[in-house]
Undergrad: 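Have a look at the structure that comes next, please.
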Amino acid sequence: MRDLTFLPEAVVSAARLTHIPGEIEWPLVLAPDAIRALAAEGRVILALDMRSYDGGSFTSPVHSYEAEPGTPRRGMVITARDHALAVLRQPNISSLGAWVVITWDGEG
């Protein structure tokens with residue numbers, strides 16, 4: 001399991017482990033809080049996947065981030081955070097699912 005002890009308790013308590021080792025998802029309404037908390041701890045948000053459990057398990061990739069070579073760490077954190085948050089503000093994003101799988105790097 002990924003270490004979440006560096007995150008605020010409200011973010012940790014909203015997290016849900018999936019059947020895939022190391023994969024963690026948050027409810028769509030709380031995912032922005034998780035993204036901001038991860039970024040505040042220096043983590044780069046690498047990808048977001050929307051997940052729906054209506055009639056099965058369906059995953060839709062909606063965001064991925066890869067830094068330009070030479071980008072300072074802080075710049076990567078801020079850019080990835082801002083892009084991820086913008087994706088979650090898109091109209092009708094909830095039509096893809098009620099859960100968001102957030103993938104981040106392990107550095108802080």
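Only this structure's heavy atoms are used, side chains among them; waters, hydrogens and symmetry mates stay out.
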Undergrad: For the pair His63 and His83, name the ring-plane relationship: parallel under 30°, tilted 30 to 60°, perpendicular over 60°.
TA: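 Ring orientation of His63 relative to His83: perpendicular.
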Undergrad: State whether the side chain of Arg81 and the backbone N or O of Leu38 hold a donor-acceptor pair below 3.5 Å, judged by distance alone.
TA: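 Not confirmed, Arg81 side chain does not pair with Leu38 backbone.
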Undergrad: So, for Ala31 and Trp26, which heavy atoms are closest and what is the spacing to 0.1 Å?
TA: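 The answer is CA-CB, 4.2 Å.
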Undergrad: Using the rule that two of Ile, Leu, Val, Met, Phe, Trp, Tyr join whenever any of their side-chain heavy atoms come within less than 4.5 Å, decide whether Leu85 and Leu96 are in one cluster.
TA: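 Yes, Leu85 and Leu96 fall within the same hydrophobic cluster.
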Undergrad: Looking at every heavy atom in both Ala39 and Val77, which two are closest together, and how far apart are they?
TA: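 In this case the closest contact between Ala39 and Val77 is O-CG1, 3.4 Å.
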Undergrad: Around Glu66, counting heavy atoms of other residues, nucleotides and ligands shown, do more than 12 lie under 6.0 Å from its CD?
TA: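 Check fails, neighbour count at 12 or below.
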Undergrad: Within 45 degrees of the ring normal and closer than 6.0 Å to the centroid, is that where the cationic atom of Arg43 sits relative to Phe6?
TA: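 Geometry flag: set, cation within 6.0 Å and 45°.
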Undergrad: Say you draw a straight line from CD of Glu25 to OH of Tyr53; how long is it, rounded to the nearest 0.5 Å?
TA: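 If I round to the nearest 0.5 Å, the distance is 3.5 Å.
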Undergrad: Flag the pair Val101 / Met50 as yes when at least one side-chain heavy-atom distance between them is below 4.5 Å, and no otherwise.
TA: no
Undergrad: Determine, step by step, whether Val100 and Leu88 satisfy the side chain to side chain contact (heavy atoms under 4.5 Å, CB included) criterion, reporting the C-alpha distance in whole Å, the side-chain angles of both residues, the deciding distance to 0.1 Å, and the verdict.
TA: CA-CA 9 Å; Val100 182; Leu88 295 183; 4.2 Å; yes
Undergrad: Please name the pair of heavy atoms, one in Ala37 and one in Pro8, separated by the smallest distance, quoted to 0.1 Å.
TA: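 For Ala37 versus Pro8, the nearest heavy atoms are CB-CD, 3.8 Å.
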Undergrad: Minimum heavy-atom separation for Val87 to Ile93, with atom names?
TA: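 Val87 and Ile93 have their closest heavy atoms at O-CD1, 3.8 Å.
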Undergrad: Is it possible for you to say whether Val12 and Ile102 belong to one hydrophobic cluster, with membership spreading through side-chain heavy-atom contacts below 4.5 Å?
TA: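 Per the 4.5 Å side-chain linkage, Val12 and Ile102 are co-clustered.
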Undergrad: If only atom types and distance count, is the side chain of Thr79 paired as donor or acceptor with the main-chain N or O of Gly75 below 3.5 Å?
TA: yes
Undergrad: Keeping the roles fixed (side chain from Ser13, backbone from Glu9), state whether a donor-acceptor pair exists under 3.5 Å.
TA: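 Checked: pair present.
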Undergrad: Could you state whether Leu46 and Leu4 fall into the same hydrophobic cluster, counting links through intermediate Ile, Leu, Val, Met, Phe, Trp or Tyr residues with side-chain heavy atoms under 4.5 angstrom apart?
TA: no
Undergrad: Can you list the steps and then say if Leu28 with Trp99 is a side chain to side chain contact (heavy atoms under 4.5 Å, CB included)?
TA: CA-CA 5 Å; Leu28 176 56; Trp99 291 88; over 6 Å; no
Undergrad: Quick one: do Arg36 and Asp82 make a salt bridge, cutoff under 4.0 Å?
TA: no
Undergrad: Out of curiosity, Leu48 CG to Ile35 CD1, how far, rounded to the nearest 0.5 Å?
TA: 5.0 Å
Undergrad: Do you know which two heavy atoms are closest between Asp105 and Gly42, and how far apart they sit?
TA: OD1-O, 4.5 Å
Undergrad: Please find the pair of heavy atoms, one from Ile45 and one from Tyr65, that lie closest to each other, and give the distance.
TA: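 In terms of heavy atoms, the two residues are closest at O-CB, 3.5 Å.
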Undergrad: With a 4.0 Å cut-off, would you call Glu23 and Arg16 a salt bridge?
TA: no
Undergrad: With no hydrogens and no angle check, is any side-chain donor or acceptor of Asp49 less than 3.5 Å from a backbone partner on Thr59?
TA: no
